[in-house]
Amino acid sequence: MRKGFLTFAAVGLLATGSMAACGDDSSSNEAGGDTAKKPKIGVILPDSKSSARWETADRRFLKAAFDAAGVESDIQNAQNDKNAFQTIADQMITSGVTTLMIVNLDSGTGKAVLDKAKSQGVATIDYDRLTLGGSAQYYVSFDNEAVGKLQGEGLVKCLTEKGVKNPTVAYLNGSPTDNNATLFKNGYDSVLKPKFESKEYTKGPDQSVPDWDPAQAATIFEQMLTQTGGKIDGVLSANDGLGNAAVSVLKKNKLNGKVPVTGQDADVTGLQNILAGDQCMTVYKAVKKEADAAAELAIAVAKGERKETGQTVKDPESGRDVPSVLLEPKAIDKATVKDVVADGYVDKAKLCTGAYAALCTANGIS
Ligand code: BGC
């Protein structure tokens, strides 16, 4: 069933024909730009602290996709600075980018950047995070509620395996300014809320972590443990960075491995925590597919082409149906860490260092 969805999304994108097919089409550019211009794509990544993915995966795969298409690109990172984000966007527009692709730091500043680009005839794409009330022509991401659902299901599986009766579950949610964090929470709530309501589980502390910042997550989680007198049996943490923060606090309290922790992004630390038994699961999102789909669209819109994505997402703020590509996430546990390596997402040499070498061998990672 899941496979069907993926195929559908991929076909949706491909059904529009090859991206070079109408390269010389002189029809007017959707964003009002000059269709004769050579594509030049500007990408603004959000930061490098909230997740390793942006610098280790997204940048690499996007660059490879643009290079393979022979298209000039400029990929920059705003390092969680909203002013820098706007400055980078202005510079990119001045330098003549034909498409601007952004991962917003919040919807307000993201919208300002998208609107300005649009007013200058620059095509726009929301990459990974939807800018609420924004004007991007396309949105490329994963099915983010499905991500949260996998996290909720993963935590239930780990708690069941540990045989914990009436477990107290704490939430470490993502940034309150990231629409994805809302979607992830909707997903895990759909699994866990019924269990809280039926009193099978007990709802523990529930907090959002500003900017997805792992350092703040550690402080928050430390307070959660103190406040509950150590009575936390499972942690739904929204990504690997937050999960690792929880694991580090649990380690200090000699509770690591006893309290299951979830994650997302399949980063090296998250996977090592899984191999060590300190993290229960992560969610792998094949960023290469996301980057490839976004690059294909970015090049097409730069040429003034219209692409059928076969899917839309309703912007809850404006009610606009945004043409979207939503890819399918996958849950990863100890037995499937090897799949992430086999997919070329994480390097075996980086994962299987020191004490992890033996764990890699034991778990079939070659
Ligand atoms: C992304 C996650 C990432 C988080 C923090 C979210 O919008 O979808 O993959 O872990 O931001 O950067």
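Order of listing sets the numbers, starting from 1, for every ligand and every atom in it. The structure displayed is predicted, hence computed values, not measured ones.
- Between the OG atom of S237 and the OH atom of Y171 there is a distance of 12.5 Å, given to the nearest 0.5 Å.
- Residue contacts with ligand 1 for Y127 are absent, since no atom lies close enough (heavy atoms, distance under 4.0 Å).
- For F142, no heavy-atom contact with ligand 1 is shorter than 4.0 Å.
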N144 vs N180, test: side-chain hydrogen bond (donor to acceptor under 3.5 Å, both in side chains). Steps then yes/no. CA-CA 6 Å; N144 292 309; N180 284 347; 3.0 Å; yes

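- Under a 4.0 Å criterion applied to the non-hydrogen atoms of K285, ligand 1 contributes the atoms 1 (C), 2 (C), 8 (O), 9 (O).
- When only interatomic distances are considered, the shortest N/O to N/O separation between D47 and ligand 1 does not fall below 3.5 Å.
- Among protein heavy atoms, atom 3 (C) of ligand 1 sits closest to D265 OD2, 3.5 Å.
- Here the closest non-hydrogen pair linking G134 and K111 is CA-CG, 4.3 Å.
- With K82 as reference, T109 is the one residue of T109, V113, N104 to meet the side chain to side chain contact (heavy atoms under 4.5 Å, CB included) rule.
- In this model, no donor atom of one side chain and acceptor atom of the other lie less than 3.5 Å apart for N77 and D47.
- Summary of contacts: the protein heavy atom closest to atom 6 (C) of ligand 1 is D178 OD2, 3.3 Å.
- A cation-pi arrangement is absent between K330 and Y284 under the rule of less than 6.0 angstrom and at most 45 degrees off the ring axis.
- The closest side-chain heavy-atom distance from Y138 to V322 is not below 4.5 Å.
- Given atom 4 (C) of ligand 1, the protein heavy atom at minimum distance is W212 CE2, 3.5 Å.
- Not one N or O on the side chain of D213 forms a donor-acceptor pair closer than 3.5 Å with the backbone of V209.
- Contacts of D128 with ligand 1, taken as heavy-atom pairs under 4.0 Å, involve the side chain alone.
- The contact set between ligand 1 and S51, taken as ligand atoms under 4.0 Å from a residue heavy atom, comprises 10 (O), 12 (O).
- In terms of N/O distances under 3.5 Å, ligand 1 is approached by R53.
- D106 has no carboxylate O lying under 4.0 Å from a charged side-chain N of R129, or vice versa, which leaves the two without a salt bridge.
- In this structure, atom 12 (O) of ligand 1 lies nearest to the protein heavy atom S50 OG, 2.6 Å.
- Ligand-side atoms of ligand 1 in range of F184: 8 (O), range being under 4.0 angstrom from any heavy atom.
- Taking every heavy atom of R129 and a limit of under 4.0 angstrom, the matching atoms of ligand 1 come to 4 (C), 5 (C), 6 (C), 7 (O), 11 (O), 12 (O).
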